[in-house]
Amino acid sequence: MTPVTVAQLTQHVGQRVTLQGWLYNMRSSKKVHFLELRDGSGTVQCIVGLEDVGPELFELAGTLTQESSLELVGEVKAHPKRAGVVEVAVSALTLLGGSKDYPISPKEHGTDFLMDHRHLWLRSSRQHAILRVRHAIIQAVRAFFDQRDFTLIDAPIFTPSACEGTSTLFETDYHDDKAYLTQSGQLYMEAAAAAFGKAYCFGPTFRAEKSKTRRHLAEFWMVEPEVAFMDLEGDMQLAEALLCHVVAHVLETRRPELERLERELAPLERVKAPFPRISYREAIELLQREGHPASFGDDFGGDEETVISKHFDRPVIVHRYPAAMKAFYMKRDPAAPELALCMDVLGPEGYGEIIGGGQREDALDTLLASIDHHQLPREAFEWYLDLRRYGSFPHAGFGLGIERTVSWICGLSHVRETIPFPRLLNRLSP
RNA sequence: UCCGGAAUAGCUCAGUCGGUAGAGCAGGCGACUGUUAAUCGCCGGGUCGUAGGUUCGAGUCCUACUUCCGGAGCCA
């Protein structure tokens, strides 16, 4: 008999099936054991009745421990008390792998303990739900760009120099040369945009800042589209359309997981275009009206982003920050040269920056001056400057942080649960 | 790096005024025909983070260190 998955059981009511999985929990009385079986697709209650299986098998079932792996055969039946729920009346059962003293009990645990057992914690229903939402988000991101004729052009992970020159990088040895783990694929995407028109990359990025907050990881995944002949306005529209598509896809396909996470759905259902757009200057005024001491030239910290985003019922786009606080490749606003043609999308409900991007500087001379002004080594950027020497073109793009997006959509308080094996300031294992 | 908090059973925690340690869960044994973190009874389980100090006596007070948590800066 071919094994079926728990998720498929509703199509097999009245039939005998084989199931393979792990014991999630068990409740017992004198003549009946209730095994809760988990197989990765879901969980189902399996009934082992003394009179159905005989004393030998009944006794074996009684000795099973949490997370033992099993194969069982049984008939799929409607749950006698719960509408729409099925259970399995077991007729045969084989213990495949025992499990002695499984460390994660159904009671509470501390974060550090759970992170030490992250390889096992992934089995619990909450972590399962989060990572399924993560998968749905990634699926939606890829589908969004693929449907719009973007070409996936992944950027390298070893890089010879800093992209932005600001953040701390992880340094590593590369055949007796220094190399750094990438903090962004963007410069490479600009080359890709010149070759393919519309390109995106999706991969891990690394930041070595000694940062320890609920929104930081040393290793995180980023999606970075870059489009030739697109300006800042087009960039904002693209970011807005992407987020709408992603949220709609999760709402459509992962509602049980969101319910498991007790995620309030109304704020997600409001994520529809158009998103409000405010300039940096307007954001400063908004903060001042709220009694937050902020003046032109200040960057926004977590508190400021929260104040701004709480003013709106959906993601808000803040554009045209002072050029002085932004990376060297940002194009200046011709109408106000002290401003950069850049934008950040702030997630609602205080989730802060989930997208950052903008239009890139396409004039060779201006870019050279900017590299010098930022005191970056010109040699390292010669290839990048070639993109301005050979058919320069207006272009724009952005980066979307996957973990912050997962955290927002799942309604979590920390990004550490949004990635299977988080790399944090003090955690490199498991 | 800075500011704050914490460290006691396998896990989550309580521990009063300084008088040598307690619960729930997990584990073991038993009871119970339908349970949903099942319930009920019994049992085993401790170098109180480490090193000093004060004291007749320290889980408790003091000092240093270590680790973790929350936040800041920095960032997506």
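Letters go in sequence order (proteins before strands), and every chain restarts at 1. Every heavy atom of this structure was used, including side-chain atoms; hydrogens, water molecules and symmetry mates were not.
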Could you work out the separation of [N] and [M] based on their [atom1] atoms and round it to a whole Å?
{"N": "B:A6", "M": "B:G10", "atom1": "P", "result": "23 Å"}
{"N": "B:C42", "M": "B:G24", "atom1": "P", "result": "10 Å"}
{"N": "B:G18", "M": "B:C56", "atom1": "P", "result": "16 Å"}
{"N": "B:A51", "M": "B:U47", "atom1": "C1'", "result": "14 Å"}
{"N": "B:G15", "M": "B:G22", "atom1": "P", "result": "15 Å"}
{"N": "B:A7", "M": "B:C48", "atom1": "C1'", "result": "10 Å"}
{"N": "B:U55", "M": "B:G19", "atom1": "C1'", "result": "12 Å"}
{"N": "B:A58", "M": "B:C2", "atom1": "C1'", "result": "32 Å"}

Is [X] touching bases, backbone alone, or none of the nucleic acid, heavy atoms closer than 4.0 Å?
{"X": "A:Phe220", "result": "base"}
{"X": "A:Arg416", "result": "sugar-phosphate"}
{"X": "A:Ser28", "result": "base"}
{"X": "A:Ile104", "result": "nothing"}

What is the separation between atom [atom1] on [X] and atom [atom2] on [N], rounded to the nearest whole Å?
{"X": "A:Ile47", "N": "B:A38", "atom1": "CD1", "atom2": "C1'", "answer": "14 Å"}
{"X": "A:Leu425", "N": "B:G73", "atom1": "CG", "atom2": "C1'", "answer": "13 Å"}
{"X": "A:His33", "N": "B:A38", "atom1": "NE2", "atom2": "C1'", "answer": "14 Å"}
{"X": "A:Leu400", "N": "B:C75", "atom1": "CG", "atom2": "P", "answer": "19 Å"}
{"X": "A:Leu428", "N": "B:C68", "atom1": "CG", "atom2": "P", "answer": "12 Å"}
{"X": "A:Tyr102", "N": "B:G10", "atom1": "OH", "atom2": "C1'", "answer": "14 Å"}
{"X": "A:Glu209", "N": "B:C2", "atom1": "CD", "atom2": "P", "answer": "18 Å"}
{"X": "A:Ile354", "N": "B:C75", "atom1": "CD1", "atom2": "C1'", "answer": "15 Å"}

What is the base-pairing partner of [N], counting Watson-Crick and G-U wobble geometry with both distances under 3.5 Å?
{"N": "B:A37", "result": "none"}
{"N": "B:C65", "result": "B:G49"}
{"N": "B:C75", "result": "none"}
{"N": "B:G70", "result": "B:C3"}
{"N": "B:A21", "result": "none"}

Once you round to the nearest 0.5 Å, how far does [atom1] of [X] lie from [atom2] of [Y]?
{"X": "A:Ile130", "Y": "A:Leu122", "atom1": "CD1", "atom2": "CG", "answer": "10.0 Å"}
{"X": "A:Glu305", "Y": "A:Lys310", "atom1": "CD", "atom2": "NZ", "answer": "12.5 Å"}
{"X": "A:Phe113", "Y": "A:Arg118", "atom1": "CZ", "atom2": "CZ", "answer": "14.0 Å"}

Identify which nucleotide among [options] has an atom closest to any side-chain atom of [X], counting heavy atoms from C-beta outward.
{"X": "A:Arg27", "options": "B:G70, B:C11, B:A38", "result": "B:A38"}
{"X": "A:Gln45", "options": "B:G34, B:U33, B:G70", "result": "B:G34"}
{"X": "A:Glu51", "options": "B:U33, B:U35, B:G70", "result": "B:U33"}
{"X": "A:Asn25", "options": "B:A38, B:G34, B:C11", "result": "B:A38"}
{"X": "A:Thr213", "options": "B:G73, B:C32, B:C75", "result": "B:G73"}

Side chain of A:Arg207, backbone of A:Leu217: donor and acceptor closer than 3.5 Å? no
Does A:Thr159 offer a backbone N or O that forms a donor-acceptor pair with the side chain of A:Thr182 under 3.5 Å? no
Can you say whether a donor on the side chain of A:His79 sits under 3.5 Å from an acceptor on the base of B:U35, or the other way round? yes
Distance-only donor-acceptor test (3.5 Å): side chain A:Glu87, base B:G34: yes
With a 4.0 Å cutoff (strictly under), does any side-chain N or O of A:Lys31 reach OP1 or OP2 of B:U33? no
A:Lys210 side chain near B:C2 phosphate (N/O to OP1/OP2, under 4.0 Å): no
Whether the A:Glu417 and A:Gln127 side chains hold a donor-acceptor pair (N or O, under 3.5 Å, no angle test) is what I'd like checked. yes
Pairing donors with acceptors under 3.5 angstrom, does anything connect the side chains of A:Glu190 and A:Tyr329? no
Assuming nearest nucleotide by heavy-atom distance, tell me which of A:Ser29 and A:His109 is located more 5' along RNA chain B. A:His109
Note: for A:Val32 and A:Gly110 on RNA chain B, the residue whose nearest nucleotide lies more 5' is A:Gly110
Please work out which of the three classes, parallel, tilted or perpendicular, describes the rings of A:Phe202 and A:Trp221, given edges at 30° and 60°. tilted
Syn or anti for B:U20, taking syn as within 90° of 0? syn
